[in-house]
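Working notes, structure below.
Remember, it's 1-based here, ligands and their atoms both numbered in the order they're listed. Predicted model only: the values in this text are computed from it and were never measured. For the single chain, residues carry numbers from 1 onward in sequence order.
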Amino acid sequence: MKILTVIGARPQFIKAAAVSNVIRKKHNEILVHTGQHYDENMSKVFFDELGIPKPDYNLSVGSGGHGFQTGSMLIKLEEIYTSEKPDLILVYGDTNSTLAGALCGSKLLIPVAHVEAGLRSFNKAMPEEQNRILTDHISKYLFVPTVSAEKNLKLEGITEGVYNIGDVMYDGILHFKKVAEKKSSIIDKLELSKGEYILTTIHRAENTNNINRLKNIIEALNESEVHIVLPLHPRTKKYIQDYGLYFSHNVTVIEPIGYLDMIALEMHSKKIVTDSGGVQKEAFFMQKPCVTMRDETEWIETVENGWNIIAGTDKQKILDGILNFVPTMEQENIFGDGTAAEKIVNIISE
Ligand code: UD1
Ligand code: UDP
């Protein structure tokens with residue numbers, strides 16, 4: 001079978017790292033990189049470190065508005081789908097690359113498989129929520145990572161082609177944790193004391209594009225006076241400069257880092273404070289308390305399990321989370337058994 005996979009943003013490289021090589025044991029995979037993320041530390045580093053196969057095509061779409069980005073991808077994907085004639089399109093997550101990949105397949109009547117289907121924040125102002133809903137409704141195979149994702153689809157009338165196979169990022173972490181332990185030297189490089197710093201990421205549009213929300217977040221980090229390590233997403237860096245905000249001495253700001261360094265930082269952190277989807281999950285995998293700087297989460301099981309709290313962007317709530325949040329419940333198994341990639345390939349093969 002010929003499977004055409006579309007990826008384009010950082011979290012999709014990490015998900016494909018867990019799945020592509022499993023696909024290639026049985027099938028012919030054509031890998032398309034949309035070019036949504038293009039900086040070396042937002043793209044190339046993941047291909048180099050994680051053994052992701054070299055993309056067959058790079059659309060080099062780059063940054064821009066949603067219409068420009070999604071529209072440019074669609075135009076270029078249509079040409080590739082038409083000439084390659086794949087049997088199946090595979091997309092991950094909820095970015096503009098996901099929507100373009102799925103929509104183009106659907107219009108050309110090529111079946112679409114969506115990995116990380118069914119997630120909902122119930123906040124339609126999020127571009128990701130729009131991308132997810134649209135992608136799910138035009139997909140033939142919906143690979144959901146959690147029980148709540150399966151329920152969300154059922155509430156929207158989608159019951160056929162839904163498979164709860166667990167989370168491909170859990171597969172990835174089980175493997176790459178061991179690699180990171182051997183290869184990453186970031187703890188020494190940054191002269192960090194293990195278990196004594198907080199790892200933070202910020203990039204969600206609803207936070208970066210709103211001066212009050214971003215200001216609250218940064219003030220909470222500054223006022224905590226705790227040592228914080230912050231690999232800064234380029235989107236956030238740009239807005240911080242535009243708004244004239246600054247970090248105080250307790251916040252170590254670094255460039256975005258590769259996945260192995262990121263895992264090492266997560267593994268040895270005391271706590272994780274983030275607005276990322278993937279990083280909330282990784283906090284859970286690593287058994288680290290997580291403070292989520294959003295008004296809601298798609299990963300509700302991590303909250304129900306007591307390991308994640310939703311602080312929004314209320315300065316006091318974030319501060320309280322940083323200083324005082326300690327999980328008290330035992331973790332349940334939420335994300336499967338680490339064989340999600342194999343399950344996907346088996347289902348597709350059948
Ligand atoms: C995108 C996804 C988001 C995902 C995130 C993962 C959409 C709508 N959003 O958000 O769901 O969580 O990726 O990180 O698809 N930039 C660079 N270099 C790069 C990439 C981006 O400088 O290599 C800067 C540009 O100023 C760009 C901005 O970051 O305008 C935003 O990039 P974009 O890909 O549009 O969205 P993300 O915020 O990265
Ligand atoms: N990540 C990384 N380097 C960084 C920041 C994040 O490798 O500097 C990884 C992180 O470990 C997770 C993924 O990127 O696996 C999450 O991506 P991001 O937060 O950009 O997007 P989201 O998951 O919110 O869509």
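Not a single heavy atom of K281 sits under 4.0 Å from any atom of ligand 2. For the ligand labelled ligand 2, residue E255 lies outside the 4.0 Å heavy-atom shell.
At the top of the distance list for atom 23 (O) of ligand 2, counting protein heavy atoms only, stands G278 N, 2.8 Å. Of all protein heavy atoms, the one lying nearest to atom 17 (C) of ligand 1 is Y38 OH, 3.3 Å. Of the protein's non-hydrogen atoms, E282 OE1, 2.6 Å is the one closest to atom 11 (O) of ligand 2. Of the protein's heavy atoms, F46 CE2, 3.3 Å lies nearest to atom 7 (O) of ligand 2. For atom 8 (C) of ligand 1, the closest non-hydrogen atom on the protein side is N96 OD1, 3.5 Å. Protein heavy atom closest to atom 8 (O) of ligand 2, with residue, atom name and distance, is I257 N, 3.0 Å. Closest protein heavy atom to atom 18 (N) of ligand 1: D39 OD2, 2.9 Å. Scanning the protein heavy atoms around atom 20 (O) of ligand 2, the nearest turns out to be R10 NH2, 2.9 Å. Given atom 4 (C) of ligand 1, the protein heavy atom at minimum distance is H203 NE2, 3.8 Å. For atom 25 (C) of ligand 1, the nearest protein heavy atom (residue, atom name, distance) is S63 OG, 3.4 Å. Protein heavy atom nearest atom 25 (O) of ligand 2, with residue, atom name and distance: P11 CG, 3.5 Å. Scanning all protein heavy atoms for the shortest distance to atom 1 (N) of ligand 2 gives M262 CG, 3.7 Å. When only non-hydrogen protein atoms are considered, atom 28 (C) of ligand 1 lies nearest to R235 CB, 3.9 Å.
Every atom of ligand 2 with a heavy atom of E266 under 4.0 Å away is listed here by number and element: 11 (O). Near P231, the atoms of ligand 2 lying under 4.0 angstrom from a non-hydrogen atom of the residue are 8 (O). Ligand-side atoms of ligand 1 in range of P234: 16 (N), 17 (C), 18 (N), 22 (O), 24 (C), range being under 4.0 angstrom from any heavy atom. Close approach of ligand 2 to S276 (heavy-atom distance below 4.0 Å) involves ligand atoms 16 (C), 18 (P), 19 (O), 22 (P), 23 (O), 24 (O). If you number the atoms of ligand 1 from 1 as listed, the ones under 4.0 Å from a heavy atom of Q69 come out as 34 (O), 35 (O).
For ligand 2, one of its N or O atoms has an N or O atom of R204 under 3.5 Å away. Residue H233 has at least one nitrogen or oxygen atom sitting less than 3.5 Å from a nitrogen or oxygen atom of ligand 1, judged on distance alone. The shortest N or O to N or O distance between T95 and ligand 1 is not below 3.5 Å. Of the polar atoms of M169, none of the N or O atoms is found under 3.5 Å from an N or O of ligand 2, judged by distance alone. Checked against a 3.5 angstrom limit, the closest N/O atoms of S97 and ligand 1 fall outside it. Between H66 and ligand 1, not a single N/O pair is under 3.5 Å apart.
Look at R132 and E129 and you find a salt bridge, because one of the NZ, NE, NH1 or NH2 atoms lies within 4.0 Å of a carboxylate O, short of that distance. Between K288 and E282 there is no salt bridge, since no side-chain N of the basic residue sits under 4.0 Å from a carboxylate O of the acidic one. Note on D337 versus K343: salt bridge recorded, some NZ/NE/NH1/NH2 to OD/OE distance being below 4.0 Å. In summary, E84 and K2 engage in a salt bridge, as defined by a charged side-chain N under 4.0 Å from a carboxylate O. Under 4.0 Å is where a charged nitrogen must lie from a carboxylate oxygen, and between E296 and R294 at least one such pair does. Salt-bridge check for E78 with K107: failed, with every basic side-chain N at 4.0 Å or more from each acidic carboxylate O.
With atom 9 (C) of ligand 2 as the reference point, the heavy atom nearest to it among I14, L199, I272, D275 is part of I14. Evaluated by nearest non-hydrogen atom to atom 13 (O) of ligand 1, the leading choice among K44, K238, H37 is H37. Heavy-atom proximity to atom 7 (C) of ligand 1, evaluated over M126, Q36, Q12, is greatest for Q36.
When non-hydrogen atoms are compared, ligand 1 lies under 4.0 Å from the side chain of E128 (C-beta onward) but not from its backbone. Contacts between M42 and ligand 1, counted as non-hydrogen atom pairs separated by less than 4.0 Å, involve the side chain only. Counting heavy atoms closer than 4.0 Å to ligand 2, residue E128 contributes nothing at all. Contacts between P11 and ligand 1, counted as non-hydrogen atom pairs separated by less than 4.0 Å, involve the side chain only.
Proximity of a side-chain donor or acceptor of N207 to a complementary backbone N or O of M293 within less than 3.5 Å is detected. Judged by distance alone, the side chain of H27 and the main-chain N or O of E29 form no donor-acceptor pair under 3.5 Å. A side-chain donor-acceptor contact under 3.5 Å links Y243 to the backbone of T208. A distance-only check finds a donor-acceptor pair linking the side chain of N250 to the backbone of L221 [under 3.5 Å].
Inter-residue side-chain proximity for H66 and P127 is flagged as met; some heavy-atom pair is nearer than 4.5 Å. Counting only heavy atoms from C-beta outward, the side chains of N222 and V251 approach each other to under 4.5 Å.
Heavy-atom neighbours of E156 CD from other residues, nucleotides or ligands within 6.0 Å: above the threshold of 12. Crowding of Q331 atom CD: a count of heavy atoms from other residues, nucleotides or ligands under 6.0 Å exceeding 12.
Atom NE2 of H137 and atom CG of L153 lie 7.5 Å apart (nearest 0.5 Å).
Here the closest heavy-atom approach between residue L199 and residue M262 is recorded as CD2-CE, 3.9 Å.
The one candidate from F285, F176, F284 that meets the ring pair (Phe, Tyr, Trp, His ring centres under 6.0 Å) condition with Y170 is F285.
Listed by chain and residue number, nothing satisfies the side-chain hydrogen bond (donor to acceptor under 3.5 Å, both in side chains) test with T70 (two or more places apart in sequence, or in another chain).
Listed by first then second residue, pairs satisfying side chain to side chain donor-acceptor pair (under 3.5 Å) with a partner in residues 108-119 read K15-E116, H114-D136, E116-K281, not counting sequence neighbours.
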